[in-house]
2 protein chains.
Amino acid sequence: MTMPDRRTGSGFSTPARQENIRAHNLGLILQRIAADGGPVSRIDLARATGLARPTISRLVDDLLAGGLIAEVGPDRSRSAGRPPIGLTLSRTGPAGLGLDIRTGSLAACIVDFAGTVRHLEFAPRTHPVTSPEQTIDDLAAIAKDAIRLAEAQGLTIVGVTLATPGPVQDRTRVRFAPAIGWRDFDAGSRLRAALGSADMSVSVDNEAGLAALAEWHASDKELRNFVCLFGDFELGAGIVLDGELLRGARGWSGELGHVTVEPDGVACSCGAKGCLQGYAGLAAILAAVPDEEKRSGATSHRTPAVTIGVLADRSPEVRAALARAGTALGISLAALINLVDVDTVLLDGSYSLLATWLTEEIQAEIRDRVLTARWAPVEVRAAPIGPDAAVIGAALTVIEDVRRDPSTWITRTVS
Amino acid sequence: MTMPDRRTGSGFSTPARQENIRAHNLGLILQRIAADGGPVSRIDLARATGLARPTISRLVDDLLAGGLIAEVGPDRSRSAGRPPIGLTLSRTGPAGLGLDIRTGSLAACIVDFAGTVRHLEFAPRTHPVTSPEQTIDDLAAIAKDAIRLAEAQGLTIVGVTLATPGPVQDRTRVRFAPAIGWRDFDAGSRLRAALGSADMSVSVDNEAGLAALAEWHASDKELRNFVCLFGDFELGAGIVLDGELLRGARGWSGELGHVTVEPDGVACSCGAKGCLQGYAGLAAILAAVPDEEKRSGATSHRTPAVTIGVLADRSPEVRAALARAGTALGISLAALINLVDVDTVLLDGSYSLLATWLTEEIQAEIRDRVLTARWAPVEVRAAPIGPDAAVIGAALTVIEDVRRDPSTWITRTVS
DNA sequence: GTACATTAGTAATAGTCTGTAACAAAATAC
DNA sequence: GTATTTTGTTACAGACTATTACTAATGTAC
């Protein structure tokens, strides 16, 4: 019953021409090669996509010439007949660079076209409180190093994506990110200027959505509808429906941290009362840490999530705070599932480390509050990647763009 | 420039062939004609879509031959040159039949291919408490009458859609609809059997989503991201993102009525506590009607929403209940907007009649609780159609399917 | 009233896709 | 060593759109 088009923006979808059909099929083949882990033969592609063998051959030629895929030696371990030539995503073609700002450090990540993480690096933030501009400049310095490193490995960085904890407008302007002290800051433009080179796309995106993308890549692809809870002090959700990230009207979706749990609850930095953040944010949980533990120094030299994890074993107050957090999370997630109907909840970021103490309470609330839970139980589990998912996802978006529409990246082979 | 992707289905999109490009362009042209209210010329279409004039001519020929569009006499009121031939959606081609079950009545609606409501009819429900099977049989009887009526007007009903208040699985099975006493009832199969004729598609869908479709059709098409609140005793939301209805993993999205407002609030028919329904459902508001009003008979012979509207003027208790409902609605809608980012809220169904007493409170909560409300205010207003939106939307889905992919409905003109 | 300008729509042809069918290549099976 | 089997390619046909040139139908200038 869907109304017109998708992903066009300006109301109507574009006309279809001959070139479009080729572009579409190129993307189709590439997605197929990416989906199958191992090498795929041309005939496998023909069978999987439904395209004719000659068509596949011609398209594959273009992808090979464009350096997006590579042939691997014939596979001899078959029964009879000519052995198929394996095709895999190229490991020396375009690559993506992801950047992330955390409470204590900056992170950079390089992912090659095959989707493997080739480089993952952390740098301490220069000052405890840094200006947004200085932070971007520090990130740009790390980025330039990473780009040099990538080139040394035969990779070409075709785009940079910065993950931020807060809503981002037009893929460039960060509206409200109290965790890092940003407010109405055009991070994209600043980063673009600091990086200089014009042959790279630069974009800024919400960390939770990017993390969802990374977790989706890491999973078996049966995961098609899920929500990925991500964050530490600032809480967000990346919602994936039918294999596609939900972006919303202006790209401000997934602000789970500011969903109301108690209409007259604790005040939040956003100005409202009773936001989930105030019950399930790391700050709220840390507030329950007993004073003697704080004095004993158990909290130093560790990330907040690890600290909480260590203390949970010996402090009943911390366990109680985690239970409260789990219940609050469950209530908000139940609202989300009632509204958008996903079948899996991934606890990611700091929460992947705390999943042991949270899942039970979350599951209980979802079971009670989600209308359709009795017919289709919702799975709640720790995300496989964890805190690094946002940077990795940021790098992945870049190559994902190329994978979706390879036609703009390859020069046609003239027969 | 990703192409079609229509009928995506199981994970991967289908290969693009020559025939697809034609199908795509046929749909494109048809959507374009539907979007412009008045007659459109071939050259207008060429300019609007970007396709070449001869291409447009050929596609238009096929649409004319298929009876989906019609030519209207040349328009003489132009400046110079050959006058353009106007093209409009056919008013005698395929049509859709919508059915709806309300608390007091059954409804049927015929919409022609141009999208105009040609027939809208109500029948009282036979008994106060009817079995689901009997209700379907009653609906089938009305439907058959409507089909005959349509044929007399030169219309061909190509599909029937039933709107129901509750989550629907696979477009046929109603999972939980306490407002009409249904639970795990395969309404689609029963209706298909009762109607008999095999040349019609029969489907069942959630009323809120269908209402959203109808309101979207009725609006200027600038409305692209909105939520449509619909219902009376059972509350649902149709969420439209970028012109497309959000369906969710299994089609169970938009269950706003069961979003938690107070974690330990009033018990709900679903088994949970503190659902929105318990605060903003019509039953909750009606509970505040003073006893003397009930005895005075003010509540009889009117729909509940009208009753409330009448009483609101003279009863402070009712106004207080409406204010409470508005606040609860605002809290839940704020959660929805934080999660999926829409820019407009339409109060539909019974709530369109009560908008005067609700909008202010809803707006206040959204302003306070939606993180991004300060940069992009959310509009809250009464939906133009109101309670009939669900039936009309049900009929519209049918013709929307044809409009989206006309190629299956027309026989090619062989040159 | 006629020639001209102007705009709408239509043929004819070329270009670019994919599909079908026949063919070449490279292995196993006997 | 020949037949069989499976993979991949070449040659040609079919489908669809773009370009170019043409016809149709009106208003306008004189």
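In what follows, every chain begins at residue 1, and chains take the letters A, B, ... in the order their sequences are listed.
Distance CG (B/Leu59) to C1' (C/dT10): 14 Å, rounded to an integer number of Å. Here C/dC17 presents its C1' atom at 15 Å from CG of A/Leu28, a figure rounded to the nearest Å. Atom C1' of nucleotide D/dA13 and atom CD of B/Gln18 are separated by 12 Å, given to the nearest angstrom. Straight-line distance from the CD1 atom of B/Ile56 to the P atom of D/dT17: 9 Å, rounded to whole Å. Regarding A/Asp61, its CG atom lies at a distance of 14 Å from the P atom of C/dC17, rounded to whole Å. Atom CG in A/Asp62 sits roughly 14 Å away from atom C1' in C/dT18 (whole-Å rounding). Rounded to whole Å, the distance from CD1 on B/Ile43 to C1' on C/dT10 is 12 Å. To the nearest angstrom, C1' of C/dT18 lies 15 Å from CD of A/Glu19.
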Polar atom pairs between nucleotides 23-26 of chain C and protein, under 3.5 Å, N or O only, would you list them?
| from | atom 1 | to | atom 2 | distance (Å) |
| --- | --- | --- | --- | --- |
| C/dA26 | N3 | A/Arg82 | N | 3.3 |

Look for any protein N or O under 3.5 Å of an N or O in nucleotides 18-21 of chain D and output each such pair with its distance, or none.
| from | atom 1 | to | atom 2 | distance (Å) |
| --- | --- | --- | --- | --- |
| D/dA18 | OP1 | A/Arg17 | NH1 | 2.5 |
| D/dA18 | OP2 | B/Ala52 | N | 3.0 |
| D/dA18 | OP2 | B/Thr55 | OG1 | 2.9 |

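Checking C/dC17, D/dG8, C/dT10 against every side-chain atom of B/Arg42, the shortest atom distance belongs to C/dT10.
Of the side-chain N and O atoms in B/Asn25, none sit less than 4.0 angstrom from OP1 or OP2 of D/dC16. At D/dT9, one or more side-chain N or O atoms of A/Ser57 fall inside 4.0 Å of OP1 or OP2 (strictly under the cut-off).
A/His217 pairs by the side-chain contact (heavy atoms from CB on, under 4.5 Å) definition with A/Leu213, A/Leu396, A/Glu400, A/Arg403, not counting sequence neighbours. With sequence neighbours excluded, no residue satisfies side-chain hydrogen bond (donor to acceptor under 3.5 Å, both in side chains) with A/Asn25. In this structure A/Asp170 satisfies the salt bridge (charged side-chain N to carboxylate O under 4.0 Å, His left out) test with no other residue, sequence neighbours excluded. With sequence neighbours excluded, no residue satisfies side-chain hydrogen bond (donor to acceptor under 3.5 Å, both in side chains) with B/Thr344.
A salt bridge links B/Glu71 with B/Arg42: the closest approach of a Lys/Arg side-chain nitrogen to an acidic carboxylate oxygen falls below 4.0 angstrom. No salt bridge links B/Asp62 with B/Arg58; every basic N to acidic carboxylate O contact stays at or beyond 4.0 Å.
Residues A/Arg118 and A/Arg91 share a closest heavy-atom pair of NH1-O, 3.1 Å.
Put simply, the side chain of B/Leu63 reaches to within 4.5 Å of the side chain of B/Leu26, judged on heavy atoms. Residues A/Leu246 and A/Val240 have side chains not in contact (no heavy-atom distance under 4.5 Å, counting atoms from C-beta outward).
Residue A/Ile85 is classed as a sugar-phosphate contact, given heavy-atom separations below 4.0 Å to backbone atoms only.
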